[in-house]
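Only heavy atoms go into these numbers, but all of them, side chains included; no hydrogens, no water, no symmetry mates.
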Amino acid sequence: MCSWEQRKLESLFTKYEDKVNTPDSGYWRLGLRSHCKGTFHTYVDAGHELETTEMYRVKAGNFILNITFAWERALAVTNDEDQGKLVSHRFPQFKPNSELAINFFKHTLMDKRFKHHLELSSPGGAGRNKVLKVSDMLKYELLVPSIQEQNIISSFLNNVDHIITLHQQEPFLCGNSVNGGVKLC
């Protein structure tokens with residue numbers, strides 16, 4: 001059995017930036033849903049670009065968040081579908097170091113303590129006035145085991161998530177057609 005350690009996020013991540021000039025011929029933009037509901041993509045037509053000269057290219061396998069709505073847990077771990085999408089400076093990305101399995105970290109995003117820490121790190125009134133202080137957020141301490149144990153735990157939790165998803169889809173998958181309709185189980 002390996003021992004677990006309290007580690008600050010700043011020791012587990014490195015800020016990741018891949019600056020690009022804002023395209024003027026249209027581009028795919030990445031957005032974040034609140035409450036850890038993942039990412040989404042929208043196409044920005046030519047002539048509707050952000051009024052900024054620089055944007056940042058998203059890399060799969062990074063921790064990303066929206067500093068304006070981090071207190072509402074507008075954050076995610078990026079995946080292959082997110083790769084190459086563009087974001088503004090309000091969406092910092094963090095690359096995990098070799099001591100952190102990003103899939104293990106992904107399961108901590110829903111932790112109530114982490115949510116409380118994000119709220120405390122986002123001072124201000126409400127909405128757009130509650131901008132995250134990234135340096136404060138990086139002080140959050142996460143309990144982590146060895147990288148091998150992180151991989152085992154994340155594999156187990158991913159399998160549980162997959163089983164839950166299958167059971168949620170079950171009424172749609174198990175029926176036979178009855179008189180033109182679908183028989184639910």
Side-chain angles (χ1 to χ4, degrees), residues 9-10 12-97 100-111 114-138 140 154 157-158 161-162 164-166 168-169 171-173 182:
L9 291 183
E10 64 190 359
L12 296 170
F13 286 102
T14 304
K15 188 162 184 178
Y16 175 85
E17 291 184 339
D18 183 6
K19 288 184 187 180
V20 297
N21 291 330
T22 301
D24 57 8
S25 58
Y27 59 90
W28 282 97
R29 174 178 60 197
L30 178 131
L32 295 170
R33 292 183 175 90
S34 294
H35 311 293
C36 298
K37 298 289 185 185
T39 62
F40 63 92
H41 311 128
T42 54
Y43 188 76
V44 178
D45 291 318
H48 297 283
E49 301 87 5
L50 285 179
E51 294 179 14
T52 181
T53 57
E54 294 178 336
M55 294 191 75
Y56 299 85
R57 196 177 354 247
V58 173
K59 183 177 185 314
N62 281 346
F63 170 48
I64 189 169
L65 53 99
N66 178 331
I67 62 173
T68 308
F69 295 103
W71 60 274
E72 211 174 48
R73 289 191 287 184
L75 38 91
V77 170
T78 56
N79 60 37
D80 291 340
E81 293 174 9
D82 302 325
Q83 178 84 25
K85 305 299 185 279
L86 300 181
V87 292
S88 74
H89 68 283
R90 292 189 172 274
F91 293 79
Q93 296 179 73
F94 300 90
K95 178 183 172 186
N97 71 21
L100 180 66
I102 196 66
N103 285 324
F104 176 80
F105 178 73
K106 181 178 173 180
H107 292 285
T108 68
L109 298 180
M110 291 297 289
D111 181 73
F114 188 47
K115 179 183 189 273
H116 182 67
H117 181 75
L118 290 169
E119 290 169 349
L120 292 175
S121 300
S122 302
R128 296 190 186 277
N129 295 327
K130 289 182 62 86
V131 176
L132 177 73
K133 289 185 178 178
V134 174
S135 60
D136 287 355
M137 186 265 309
L138 290 172
Y140 182 73
S154 62
L157 293 173
N158 288 341
D161 283 347
H162 181 68
I164 290 169
T165 300
L166 288 176
Q168 289 172 336
Q169 296 173 350
F172 302 106
L173 300 176
V182 175

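In this structure, the side chains of H162 and N158 stay at 4.5 Å or more apart for every pair of heavy atoms. For the pair Y56 and D18, the minimum side-chain heavy-atom distance is 4.5 Å or more. The closest side-chain heavy-atom distance from V134 to F94 is below 4.5 Å. Between L109 and V77, some side-chain heavy-atom pair lies under the 4.5 Å cut-off. Within the 4.5 Å cutoff, the side chain of K133 has heavy atoms near those of the P123 side chain.
M55 and S88 make their closest contact through CE-N, 4.1 Å (heavy atoms, listed as atom of the first residue, atom of the second, distance). Shown here for H48 and V44, the closest heavy-atom pair between the two residues is O-CG1, 3.3 Å. Scanning all heavy atoms of the two residues, the minimum distance from L65 to L132 falls at CD1-CD2, 3.3 Å. In terms of heavy-atom proximity, S34 sits nearest to E72 at OG-OE1, 2.7 Å. In plain terms, the two heavy atoms of H107 and D161 that are nearest each other are CE1-OD2, 3.4 Å. In plain terms, the two heavy atoms of R73 and L118 that are nearest each other are CG-CD1, 4.0 Å.
Here F63 contributes atom CZ and L75 contributes atom CG; the two are 5.0 Å apart, rounded to the nearest 0.5 Å. Separation of atoms CZ (R57) and NZ (K85) is listed at 12.0 Å; rounding is to 0.5 Å. In this structure, NZ in K37 is found 6.5 Å from CE in M110, a value given to the nearest 0.5 Å. Atoms CZ and CG, from F13 and L100 in turn, are 5.0 Å apart once rounded to the nearest 0.5 Å. Atom CG in L30 sits 5.0 Å away from atom OG1 in T39 (nearest 0.5 Å). Distance check, rounded to the nearest 0.5 Å: NZ of K95 to OH of Y16 gives 8.0 Å.
Applying the 6.0 Å contact sphere to NE2 of H116 captures no more than 12 heavy atoms from other residues, nucleotides or ligands. For D45, the CG atom counts as densely surrounded, since its 6.0 Å shell holds more than 12 non-hydrogen atoms of other residues, nucleotides or ligands.
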### Task
List the steps, then state whether side-chain contact (heavy atoms from CB on, under 4.5 Å) holds for F114 with L9.
CA-CA 11 Å; F114 188 47; L9 291 183; 3.9 Å; yes
### Message
Run the side-chain contact (heavy atoms from CB on, under 4.5 Å) test on F91 and L32 for me, step by step, so that the C-alpha distance in whole Å, both residues' side-chain angles and the decisive distance to 0.1 Å come before the verdict.
### Response
CA-CA 9 Å; F91 293 79; L32 295 170; 3.8 Å; yes
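Judged by distance alone, the side chains of H117 and D136 never bring a donor and an acceptor atom under 3.5 Å apart.
In this structure, the side chain of Q83 does not engage the main chain of T78 through any donor-acceptor pair within 3.5 Å. Put simply, the side chain of N62 never gets that close to the backbone of I64: no donor and acceptor are under 3.5 Å apart.
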